[in-house]
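Working notes, beginning with the structure itself.
Just the heavy atoms: all of them, side chains too, but no hydrogens, waters or symmetry mates, feed the values below. Whatever order the structure lists ligands and atoms in, that order sets their numbers, starting from 1. The first residue in the sequence is number 1, and the count goes up from there.
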Amino acid sequence: MQELDKIWRNGELVDWADATIHVGTHALHYGSGVFEGIRCYETSKGPAVFRLTDHLQRLHDSARLLTMEIPYSVEELRAASFELLSANGLPECYLRPIAFYGYGELGVSAGSNPIETVIMSWPWGAYLGEDGLRNGISAKISSWQRIGPNVIPHAAKATGIYVNSMLAVNEANRAGYDEAILLTADGYVADGSGESIFVVKGGRIFTPSLATSILHGITRDTVIQIAQDIGYPVLETNLIRSDLYLADEVFMTGTAAEVTPLRAVDDVELGVGPVTLELQGAYLDTVRGRSDRWAQWREYPATAPAEA
Ligand code: PMP
């Protein structure tokens, strides 16, 4: 991670090196935190944060599911994000807000431990690699199951859940694959370790429904809207592993991964298809401000010229 100048912590900007926590922090022991991943893109009108308000609203929703009360409103966190971006001065970066139970008692119940709220930012290139964006990646169906909805509410982007993702992606990497695909306990396709998943078949687009223990992906929602607008039917439905093997195309979406083609699933070669590349192009034109079709999703600080 490239270190930048400042980190926003509990209402103020602190030097990067000073944004430390005590080893007795509740979230370190029990994964009791919620977080977001957001991208800021360089556009001709200045740095634009993609769907910032939606991400911060999801942060608040995640916290509600953990009965955690973030001491800053969505609007305050939005202002804080722009304050941090301006302090660090990069036209393009990744933003990582996180709220977690801090230092106090170490009983599992977080009790009255203070809630720490932090926003970091740093430069982060293509999550699954530039080559992956162009030529696709390989993914392995994991032997680890996705956490069920009655284990941890998966609609919460909670830090502790990511041990499940870490196990899956590590297993896939050790076997020589770039990414993991997780199935639910019932055998339905859920998602990647940090991405939503889509199948293209016969000119239609399929993706697991929100009831499939998946995160309410903001890129997923973006791509569904873009695809429908282009004219593709999008069906949110149950998918099983053979739907992946028989697909015309498979791709993953995420703030970090953007729209990444899957050129292979397990030992089945799928290649990179035209629908995926069309949606990837439309997505990148949207986030980078090269198209004004979805201008309302690009958010600028109040001082920058507002989008029409
Ligand atoms: N699923 C999982 C498990 C994730 O971690 C992420 C990344 N936040 C996504 C999907 C994609 O979500 P989004 O498009 O909102 O970044």
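For atom 9 (C) of ligand 1, the closest heavy atom belonging to the protein is Gly194 O, 3.5 Å. The protein non-hydrogen atom at the shortest distance from atom 5 (O) of ligand 1 is Tyr162 OH, 2.4 Å. What sits closest to atom 11 (C) of ligand 1 on the protein, heavy atoms only, is Gly254 CA, 3.8 Å.
Hydrophobic clustering, with ILVMFWY side chains joined whenever heavy atoms are under 4.5 angstrom apart, keeps Ile197 apart from Val169. Leu13 and Trp16 sit in two unconnected hydrophobic clusters of ILVMFWY residues. Membership requires side-chain heavy atoms under 4.5 Å apart, directly or through other members.
Where the criterion is an N or O separation shorter than 3.5 Å, residue side chain and backbone included, Thr255 meets it with respect to ligand 1. Note: an N/O pair closer than 3.5 Å links Thr219 and ligand 1 by distance alone. Polar contact check, Ile218 against ligand 1: a nitrogen or oxygen pair lies under 3.5 Å apart.
Per-residue contacts place Lys157 under 4.0 angstrom from the following atoms of ligand 1 (heavy atoms of the residue considered): 5 (O), 7 (C), 8 (N). Annotation for ligand 1: atoms under 4.0 Å from non-hydrogen atoms of Ser196 are 10 (C). Within the listing of ligand 1, atoms 1 (N), 3 (C) sit less than 4.0 angstrom from a heavy atom of Asp191. Using a 4.0 Å cut-off to heavy atoms of Arg146, the atoms of ligand 1 that qualify are 3 (C).
At a 4.0 Å heavy-atom cut-off, ligand 1 touches Leu215 through the side chain alone. Here Arg58 has side-chain heavy atoms under 4.0 Å from ligand 1, and that is the only part of it that gets that close. With a 4.0 Å heavy-atom cut-off, ligand 1 is reached by no atom of Met252. Contact annotation: for Ser193 versus ligand 1, heavy atoms closer than 4.0 Å belong to the backbone alone.
Ring centroid separation for the pair Phe35 and Tyr162 comes in under the 6.0 Å cut-off. Ring centers of Trp294 and Phe50: at least 6.0 Å apart, outside the cut-off.
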Trace of the salt bridge (charged side-chain N to carboxylate O under 4.0 Å, His left out) decision for Asp292 with Arg298: CA-CA 10 Å; Asp292 275 337; Arg298 292 187 295 271; 2.8 Å; yes

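Counting non-hydrogen atoms of neighbouring residues, nucleotides and ligands closer than 6.0 angstrom, the CD atom of Gln228 exceeds 12 such neighbours.
How far CD of Gln225 is from OG1 of Thr286: 10.5 Å, rounded to the nearest 0.5 Å. Note: Leu133 CG to Glu130 CD = 5.5 Å, rounded to the nearest 0.5 Å. Taking CG of Leu84 as the start and CZ of Arg96 as the end, the distance is 13.5 Å to the nearest 0.5 Å.
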